[in-house]
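Naming convention: chains lettered A, B, ... in sequence-line order (proteins, then strands); numbering from 1 in each chain. Owing to the predicted nature of the structure, the values given are computational and were not obtained by experimental measurement. These values consider heavy atoms only, across backbone and side chains, with no hydrogens, waters or symmetry-generated copies.
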There are 2 protein chains.
Amino acid sequence: MKKHEARRAASASFLLAQIGAHAASRFAERLQPLGLSPPHAGILRVLRGSAGLSQQELAVTLKLHPSRLVAIVDELETRGLVSRRENPNDRRTYALFLTETGEATLAEIGRIATEHEEALCASLNKTEREQLAQLLQRIAEEQGLTAGVHPGFSRMGKKSPPAE
Amino acid sequence: MKKHEARRAASASFLLAQIGAHAASRFAERLQPLGLSPPHAGILRVLRGSAGLSQQELAVTLKLHPSRLVAIVDELETRGLVSRRENPNDRRTYALFLTETGEATLAEIGRIATEHEEALCASLNKTEREQLAQLLQRIAEEQGLTAGVHPGFSRMGKKSPPAE
DNA sequence: TATTGTTATACTCTATAACTATA
DNA sequence: TATAGTTATAGAGTATAACAATA
């Protein structure tokens, strides 16, 4: 079977969807050794910036259904990465905090993210990467995407065996 | 609850995953009025370039499981967009072709894709879009992504109610 | 015996909504 | 009565693998 000759000009939108899915998938793979999924990492990251959030607030921030968030927070708590503290003012809610282990894990995730970025953008030099990031940033803003919130969190499950 | 101040510098990889998921989701929405999903569109597009492919070959090209491809081709055939012709040389296989309706639909998909591209890149001018496309193209090539094959096809189902 | 296309089964995941405790 | 968190149920979707026909 003959291969398509080289690569034809593709639209930016298709390339974005294609590379985006690839990037998300690879990042998830890199996270697997830690037993974490991208949503886990997202929660840890938000919690570093806004400690003490309730699950309700966290669900709104990350646009996750509360029922789904419960399971993820349960896992994070079981692993000792996040702690639920009781709220004296409203005993219905929990205030969520990173534990020390959680912070250490988050640092490790940061290293993984850096490696991931490096691998993904290996074909671009520093200037080009900044150029790319700036263009993407403008698209993200104009499209109304919230910083740090991945629309695909809803579907980025726990285990996605690397096809074949 | 206080909003995060403005948008902090995000990594290119996160932006790619974020915008990529957004782009894929929006494109799927635009396709919905036609009753088609991105995988449907992908098959039609491949078939235009390589008419007469067998399902097996198509499955390999698009990296879809044969069992899944059957269902999608069934739908396309039912809608009269694709026809299965018997292969005299090997009666186990079908040769797949676009029908006239299929070609017309593909043209419509092309218009939709153009609108989509326009909407997604509204914040960039022509030069910037080309710049972006070039950078993305280089990443795609270096990452070994096949032209026209979306890794997320496997997961881009039929109906994904536009969450509010 | 190997391969194409197909069908059937099982499994995973997500959302809906019912439930408990507190406000 | 309304809301936070939780749990249970049901629904959708995918992959695994068994099956029939042909090579």
Q. Which nucleotide in the set D:dT6, D:dA4, C:dT4 lies at the smallest distance from any side-chain heavy atom of B:T93?
A. C:dT4
Q. Given atom CZ of B:R68 and atom C1' of C:dA8, what is their separation to the nearest angstrom?
A. 17 Å
Q. Which nucleotide, D:dG5, C:dT7, D:dA23, lies nearest any side-chain atom of B:D74?
A. C:dT7
Q. What's the CD1-P distance between B:I72 and C:dT6, to the nearest Å?
A. 13 Å
**Q.** Check: B:R92 side chain, C:dT3 base, donor-acceptor under 3.5 Å
**A.** yes
**Q.** Between D:dG5 (P) and A:L64 (CG): distance, integer Å
**A.** 14 Å
Q: Starting from P on D:dG5, measure out to CD on A:E77 and report it in whole angstrom.
A: 13 Å
Q. Under 4.0 Å between a side-chain N/O of A:Q55 and OP1 or OP2 of D:dA4, yes or no?
A. no
Q | Protein-nucleotide distance (A:E86, atom CD; C:dA23, atom P), rounded to Å | A | 11 Å
**Q.** A:L53 CG to D:dA4 P, straight-line distance once rounded to whole Å
**A.** 13 Å
Q.
Nearest to the A:R84 side chain among D:dT6, C:dT22, C:dT14, which nucleotide is it?
A. D:dT6
Q. Parallel under 30°, tilted from 30 to 60°, perpendicular over 60°: which one fits the rings of B:F14 and A:H150?
A. perpendicular
Q) Among the nucleotides D:dT14, C:dT6, D:dT22, which one has an atom lying closest to any side-chain atom of B:P66? A) C:dT6
Q: Counting heavy atoms from C-beta on, name the nucleotide in C:dT14, D:dT16, D:dT6 closest to the side chain of B:H65.
A: D:dT16
Q: Using whole Å, report how far CD of A:Q56 lies from P of D:dT6.
A: 11 Å
Q) For the side chain of A:R30 and the backbone of A:I112, is there at least one donor-acceptor N/O pair under 3.5 Å apart? A) no
Q: For A:N89 and for A:S67, locate the closest nucleotide of DNA chain C by heavy-atom distance; then report the residue assigned to the nucleotide nearer the 5' terminus.
A: A:S67
Q.
Given D:dT22, D:dT14, D:dT6, identify the nucleotide with an atom nearest to the side chain of B:D90.
A. D:dT22
Q) How many Å lie between CG on B:L69 and P on D:dT14, as a whole number? A) 13 Å
Q.
Please compare B:R91 and A:S54 by the position of their nearest nucleotide in DNA chain D and report the one closer to 5'.
A. A:S54
(Q) Do B:R85 and B:F97 form a cation-pi contact, if we require the NZ or CZ to be under 6.0 Å from the six-membered ring centre and within 45 degrees of the ring's axis? (A) yes
Q | Test side chain to side chain donor-acceptor pair (under 3.5 Å) applied to B:S37 and B:H40, step by step | A | CA-CA 5 Å; B:S37 69; B:H40 288 128; 3.1 Å; yes
Q.
More than 12 heavy atoms of other residues, nucleotides or ligands under 6.0 Å from OH of A:Y94: yes or no?
A. no
